[in-house]
Number of protein chains: 2
Amino acid sequence: MTAQDLDFWSFVDAAVERTRDRLPAIDPEAMRLILTLYRVTNMVVYDMESVVHRPRGWSYPGFRLLFTLWVAGPMEAKRAAELSGMSRQAVSALVGTLSRDGLVSKAPDVKDRRAVRLSLTDAGEEAISTAFATHNDRERLWAGTLSDEERDTLVRLLGKLGAREGVRRRR
Amino acid sequence: MTAQDLDFWSFVDAAVERTRDRLPAIDPEAMRLILTLYRVTNMVVYDMESVVHRPRGWSYPGFRLLFTLWVAGPMEAKRAAELSGMSRQAVSALVGTLSRDGLVSKAPDVKDRRAVRLSLTDAGEEAISTAFATHNDRERLWAGTLSDEERDTLVRLLGKLGAREGVRRRR
DNA sequence: GAGTAGTAATCAAAGCTTTGATTAACTGCG
DNA sequence: CGCAGTTAATCAAAGCTTTGATTACTACTC
């Protein structure tokens with residue numbers, strides 16, 4: 001496989017091979033894992049975003065924040081950041097957009113006047129309910145390449161990876 | 001598990017449960033897969049970027065483009081987009097930064113004067129060589145939660161997911 | 001050769017995310 | 001009470017990515 005014949009996926013093999021030759025001290029299989037993880041996730045996200053969310057005028061991050069509020073109810077911005085995995089700044093900026101578009105409402109917290117309490121508006125509730133069916137159709141399409149057992153194994157192994165201690169987390 | 005006790009990971013279980021109750025027509029296990037995939041990858045990317053790349057003054061996308069050129073040699077911008085999984089516009093913008101910082105050089109293509117040929121500068125070559133050892137240390141840390149067999153299984157299942165046909169790809 | 005269609009790259013605007021700084025409000029110690 | 005330290009949120013600037021439009025060039029058709 002020369003450099004001219006590569007495509008998106010065979011690039012991973014080439015990278016592993018090439019690195020094994022030039023930097024023998026590295027762990028090529030760890031590299032293959034992270035490279036593959038990144039590429040697959042990127043594919044899935046691009047597909048979901050471009051097929052499901054952008055045509056409706058929203059972003060994937062916007063959907064994630066709406067979904068977080070839909071699942072766990074109204075909450076402070078800080079907590080929405082924790083549960084959704086975004087930074088507080090990202091939530092702040094995103095809520096600016098979603099609030100402007102009438103999907104999320106901000107109310108001052110009663111107990112702590114620094115805090116902002118986020119909740120779905122009726123339009124937000126409506127939006128997430130209808131969008132989620134399409135979103136999940138797409139999730140099902142992706143998951144459909146795997147048998148139930150393979151899917152469960154994949155979830156379990158991803159969970160094991162995600163349980164890694166001693167790594168940097170968003171604050 | 002009430003909404004008040006949730007954290008980043010138990011949120012996934014709550015989402016599956018809550019959705020099963022409110023929207024019985026959806027496939028909760030497909031949802032769990034995609035949700036988990038996204039969260040794990042985000043954790044890994046955040047860790048890699050904040051521990052390895054930002055302290056050196058670079059971004060993860062910047063590293064990915066440099067790495068692409070390092071693995072497969074000088075190439076047109078269009079090809080770099082294909083191999084790295086970025087859009088052509090993203091490559092164009094990113095090359096602006098990397099070129100300004102002296103890590104990548106742009107040269108007009110000899111055969112097609114519309115095209116731009118990208119290559120690593122000496123500084124870029126130097127940068128990727130030294131950064132990659134640290135990058136791979138971090139990859140090894142992540143991969144280290146899994147046995148060799150688990151890691152191979154995970155790569156295989158991710159590959160199967162990534163081989164999905166009929167999805168939207170970047171152009 | 002002229003004209004049309006297609007392609008490589010870039011520009012422009014908008015959105016998300018990051019770091020670092022700032023404002024406002026809570027907490028705890030003396 | 002008064003003040004230092006902490007915390008919630010936001011602002012500002014920079015970077016990456018996206019869509020849509022534009023420019024420059026190539027390739028095809030007549």
Side-chain angles (χ1 to χ4, degrees), chain A residues 38 42-43 45-66 75-82 84-101 103-104 106-118 168-171, chain B residues 38 42-43 45-66 75-82 84-101 103-104 106-118 168-171:
Chain A
Y38 185 85
N42 243 20
M43 277 184 74
V45 167
Y46 183 81
D47 175 72
M48 299 288 256
E49 181 148 20
S50 64
V51 171
V52 180
H53 301 296
R54 289 206 182 264
R56 293 166 183 266
W58 310 331
S59 66
Y60 198 3
F63 173 79
R64 282 166 51 215
L65 189 54
L66 294 178
M75 67 185 79
E76 289 183 18
K78 185 196 177 185
R79 185 143 175 67
E82 287 167 5
S84 66
M86 303 174 189
S87 71
R88 281 185 294 173
Q89 297 90 321
V91 169
S92 182
L94 191 47
V95 166
T97 305
L98 295 174
S99 169
R100 181 202 63 194
D101 294 346
L103 302 173
V104 165
K106 296 195 285 189
D109 190 284
V110 183
K111 292 183 180 161
D112 185 341
R113 282 181 301 159
R114 291 170 305 182
V116 171
R117 195 166 177 76
L118 304 178
R168 180 79 84 91
R169 301 291 303 268
R170 271 191 190 80
R171 276 166 285 140
Chain B
Y38 185 85
N42 243 19
M43 276 185 77
V45 167
Y46 182 81
D47 175 72
M48 299 289 255
E49 181 148 20
S50 65
V51 170
V52 180
H53 301 295
R54 290 207 181 264
R56 293 166 184 265
W58 309 330
S59 66
Y60 199 2
F63 173 79
R64 281 165 51 216
L65 189 54
L66 293 178
M75 66 185 80
E76 288 183 18
K78 184 195 178 187
R79 184 141 176 69
E82 287 167 7
S84 66
M86 303 174 189
S87 69
R88 281 186 294 175
Q89 298 90 321
V91 169
S92 182
L94 191 47
V95 166
T97 305
L98 295 174
S99 169
R100 182 202 62 192
D101 295 346
L103 301 173
V104 165
K106 296 195 285 191
D109 191 285
V110 182
K111 292 183 180 160
D112 185 340
R113 281 183 301 161
R114 291 170 303 182
V116 171
R117 193 165 179 76
L118 304 178
R168 180 79 84 90
R169 301 289 305 267
R170 270 192 191 80
R171 278 166 283 138

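In this text, all values refer to a predicted model and were calculated from it rather than measured experimentally. Chain identifiers are assigned alphabetically (A, B, ...) following the order of the sequence lines, protein sequences preceding nucleic acid strands; residue numbering begins at 1 within each chain.
OP1 and OP2 of dC16(D) both lie 4.0 Å or more from every side-chain N or O belonging to Arg64(B). Residue Arg88(B) has a polar side-chain atom (N or O) positioned under 4.0 Å from OP1 or OP2 of dA8(C). Between Ser92(A) and dT10(D) there is a side-chain polar atom (N or O) within less than 4.0 angstrom of OP1 or OP2.
Here the nucleotide nearest the side chain of Ala93(A), chosen from dA9(D), dT17(D), dT17(C), is dT17(C). With dT17(C), dC16(D), dG15(C) as the candidates, the nucleotide lying closest to the side chain of Ser59(A) is dG15(C). Looking at the side chain of Lys106(A), the nearest of the listed nucleotides dC16(D), dA9(C), dT10(D) is dT10(D). Counting only heavy atoms from C-beta on, Arg170(A) has its side chain closest to dT18(C) among dT17(D), dC16(C), dT18(C). Comparing dC16(D), dA8(D), dA8(C) by their closest approach to the side chain of Thr97(B) singles out dC16(D).
Partners of Arg117(A) according to the side-chain hydrogen bond (donor to acceptor under 3.5 Å, both in side chains) rule, which considers only residues two or more places apart in sequence or in another chain, do not exist here. Partners of Val51(A) according to the side chain to side chain contact (heavy atoms under 4.5 Å, CB included) rule, which considers only residues two or more places apart in sequence or in another chain, are Asp47(A), Arg138(A), Arg168(B). Residues satisfying the ring pair (Phe, Tyr, Trp, His ring centres under 6.0 Å) criterion with Tyr46(A), sequence neighbours excluded, are absent altogether. Under the side-chain hydrogen bond (donor to acceptor under 3.5 Å, both in side chains) criterion, Glu76(A) pairs with no residue at all, not counting sequence neighbours. Residues forming a side-chain hydrogen bond (donor to acceptor under 3.5 Å, both in side chains) with Asp112(B) (at least two apart in sequence, or on another chain): Arg114(B). Residues forming a side-chain hydrogen bond (donor to acceptor under 3.5 Å, both in side chains) with Arg56(A) (at least two apart in sequence, or on another chain): Thr134(A). The side chain to side chain contact (heavy atoms under 4.5 Å, CB included) check on Glu82(B) picks up Lys78(B), Arg79(B), with sequence neighbours excluded.
Remark: P of dT17(C) and CE of Met86(A) are 5 Å apart, rounded to the nearest angstrom. As rounded to whole Å, 13 Å separates atom P of dC16(D) from atom CH2 of Trp58(B). Summarising the geometry, the separation between CG on Leu94(B) and C1' on dT10(C) is reported as 15 Å, rounded to the nearest angstrom. For Met75(A) and dA9(D), the CE to C1' distance is 17 Å, given to the nearest whole Å. What separates NZ of Lys111(B) from P of dT26(D) is a distance of 13 Å, to the nearest Å. Per the geometry, CD belonging to Glu82(A) stands 13 Å off C1' belonging to dT7(D), to the nearest Å. What separates CG of Asp112(A) from P of dT10(D) is a distance of 13 Å, to the nearest Å. Across the protein-nucleic acid pair, Arg79(A) atom CZ and dA9(D) atom C1' stand 18 Å apart, rounded to whole Å.
Side chain of Arg113(B) to main chain of Pro108(B): no donor-acceptor pair is present (N/O by atom type, distance under 3.5 Å, no hydrogens or angles). Proximity of a side-chain donor or acceptor of Arg64(A) to a complementary backbone N or O of Ser84(A) within less than 3.5 Å is detected.
Arg117(A) comes within contact range of no nucleotide atom at all, as no heavy-atom separation falls under 4.0 Å.
Comparing Asp101(B) and Val91(A), the nucleotide of DNA chain D nearest to each residue sits closer to the 5' end for Val91(A).
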#### Entry: Check against side-chain contact (heavy atoms from CB on, under 4.5 Å), Leu98(A) and Leu118(A)
CA-CA 11 Å; Leu98(A) 295 174; Leu118(A) 304 178; over 6 Å; no

Polar-atom pairs under 3.5 Å, protein N or O versus N or O of nucleotides 19-24 of chain C: list them with distances, or write none.
none

#### Entry: Pairing annotation in dot-bracket form, given for DNA chain D with Watson-Crick or G-U pairs under 3.5 Å and | for cross-strand partners
||||||||||||||||||||||||||||||

